[in-house]
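Take a look at the structure below.
Within every chain, numbering begins at 1; the chains are lettered A, B, ... in the order of the sequence lines, protein sequences first and strands thereafter. All of these numbers come straight from a predicted model, not from anything done at the bench.
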There are 2 protein chains.
Amino acid sequence: MSTRRDAVRQTLSESSGFRSAQDLYADLRADGSKIGLTTVYRALQALSDSGEIDVLRNDDGEAVYRACGTESHHHHLVCRVCGTAVEIEGPTVESWAAETGAKHGFTDVTHTVEVFGTCPRCSS
Amino acid sequence: MSTRRDAVRQTLSESSGFRSAQDLYADLRADGSKIGLTTVYRALQALSDSGEIDVLRNDDGEAVYRACGTESHHHHLVCRVCGTAVEIEGPTVESWAAETGAKHGFTDVTHTVEVFGTCPRCSS
DNA sequence: CGCGTTTTGACAATCATTTTCGTTTTCGGC
DNA sequence: GCCGAAAACGAAAATGATTGTCAAAACGCG
Ligand SMILES: [Zn+2]
Ligand SMILES: [Zn+2]
Ligand SMILES: [Zn+2]
Ligand SMILES: [Zn+2]
């Protein structure tokens with residue numbers, strides 16, 4: 001099915017960082033695609049719903065997406081300037097979050113953990 | 001200065017959870033205040049800029065604010081249903097984030113860490 | 001080919017947040 | 001107290017991302 005969705009997925013894969021829907025739309029159009037903005041949003045929603053891509057909010061509150069190398073649970077170290085991201089893991093953080101939630105009687109505990117900074121390239 | 005800002009701060013303090021600007025505005029108006037929405041936004045921005053209140057984004061991407069008991073660095077355990085929040089700390093998370101950033105050559109490393117769940121009251 | 005289903009995209013509608021801009025308050029100096 | 005500058009206000013318009021609508025186009029299949 002959907003060549004459209006694949007196009008979005010691929011465009012996203014070609015970037016190392018988090019990208020916004022508007023951003024990806026611009027890229028696709030620039031590459032000659034006749035895709036519509038609505039479809040880009042739908043594709044991104046479907047992809048994130050199925051867990052194929054990660055989504056988070058940047059400082060402006062807009063949703064940004066990334067096609068990560070793994071679909072297993074992980075977090076990111078994101079460059080505040082260029083958006084480049086590195087996948088990171090923190091076993092202790094995982095257990096800390098779960099325990100903290102349980103300690104206070106919370107159920108269905110999840111967490112958001114993102115580390116931001118300026119990457120080597122952008123700091124020079 | 002600004003009785004307005006104080007009004008916003010106080011209304012926020014009366015809640016144990018994170019609240020949105022629109023939400024606080026409705027509360028203030030309901031209490032008879034003639035405050036304008038613009039002013040609520042300005043007050044919240046000023047308060048968060050000065051570090052007096054914490055701000056984060058809910059699932060819908062809208063900014064929500066909270067008047068925490070301390071101005072020192074901490075995180076939250078937030079109820080996904082009612083928004084109630086508990087201030088939490090995680091020393092190991094702090095060092096983990098800093099080290100992870102440094103390990104990859106990132107500078108000016110910061111992090112966002114929030115734990116979500118369903119609070120005891122909302123789960124019953 | 002026909003036909004029902006799914007996908008698509010132009011366009012309108014939402015909705016939180018920001019800008020604008022004239023009005024009102026506040027405040028220090030007189 | 002009185003005055004003008006500066007700061008604070010608030011109503012209304014502008015912005016901008018995201019979502020809803022709906023008719024047209026692409027697809028699957030007999
Ligand atoms: Zn960078
Ligand atoms: Zn995790
Ligand atoms: Zn709750
Ligand atoms: Zn921290």
Round to a whole Å and report the spacing from OH of Tyr25(B) to P of dC9(D).
14 Å
Can a side chain N or O of Thr39(B) be found less than 4.0 Å away from OP1 or OP2 on dC9(D)?
no
Does the distance from a Lys or Arg side-chain N to an Asp or Glu carboxylate O, for Asp27(B) and Arg19(B), drop under 4.0 Å?
yes
Interatomic distance where CG belongs to Asn58(A) and C1' belongs to dT18(D) [whole Å]:
14 Å
Could you state the atom-to-atom distance from CG of Asp49(A) to P of dT19(D) in whole Å?
11 Å
Where do N or O atoms of nucleotides 16-18 of chain C meet protein N or O atoms at under 3.5 Å, pair by pair?
from	atom 1	to	atom 2	distance (Å)
dT17(C)	OP1	Ala63(B)	N	2.8
dT17(C)	OP2	Tyr41(B)	OH	2.7
dT17(C)	O5'	Tyr41(B)	OH	3.4

Of all residues at least two apart in sequence or in a different chain, which pass the side-chain hydrogen bond (donor to acceptor under 3.5 Å, both in side chains) check with Tyr25(A)?
none
Is any side-chain N or O of Arg4(B) under 3.5 Å from a base N or O of dG10(D), one able to act as donor and the other as acceptor?
no
Write down the protein N/O and nucleotide N/O pairs, taken from nucleotides 4-6 of chain C, whose separation is under 3.5 Å; answer none if there are no such pairs.
none

Sequence neighbours excluded, the answer for side chain to side chain contact (heavy atoms under 4.5 Å, CB included) partners of Thr38(A) is Arg42(A)
Send over the distance from Asp59(B) CG to dC15(C) C1', rounded to a whole Å.
17 Å
If we ignore angles and hydrogens, is there a donor and acceptor under 3.5 Å between the side chains of Tyr65(A) and Gln45(A)?
no
For dT8(C), does either OP1 or OP2 sit under 4.0 Å from a side-chain N or O belonging to Arg5(A)?
no
When you compare the side chains of Arg5(B) and Thr39(B), does any donor N or O come within less than 3.5 Å of an acceptor on the partner?
no
First locate atom CZ of Arg9(A), then atom CG of Leu44(A), and finally report the distance between them rounded to the nearest 0.5 Å.
11.0 Å
note: Leu44(A), atom CG; dG9(C), atom P; distance rounded to Å ~ 14 Å
Mind checking the CG-CD1 spacing from Asp31(B) to Ile35(B)? Nearest 0.5 Å is all I need.
11.0 Å
For Asp108(A), which residues count as a side-chain hydrogen bond (donor to acceptor under 3.5 Å, both in side chains) partner, sequence neighbours excluded?
none
Please report the distance, rounded to the nearest Å, between NZ in Lys34(B) and C1' in dT23(C).
17 Å
Could you tabulate the donor-acceptor pairs under 3.5 Å formed by side-chain atoms of residues 67-78 of chain A, not counting sequence neighbours?
from	atom 1	to	atom 2	distance (Å)
Thr70(A)	OG1	Ser72(A)	N	3.0
Thr70(A)	OG1	Ser72(A)	OG	2.8
His73(A)	NE2	His75(A)	NE2	3.1
His73(A)	NE2	Glu94(A)	OE1	2.9
His73(A)	NE2	Glu94(A)	OE2	3.1
His73(A)	NE2	His111(A)	NE2	3.1
His74(A)	ND1	Ser72(A)	O	2.7
His74(A)	NE2	Asp54(A)	OD2	3.0
His74(A)	NE2	His76(A)	NE2	3.2
His75(A)	ND1	Val113(A)	O	3.0
His75(A)	NE2	Glu94(A)	OE2	2.9
His75(A)	NE2	His111(A)	NE2	3.2
His76(A)	ND1	Glu114(A)	OE1	3.2
His76(A)	NE2	Asp54(A)	OD2	3.2

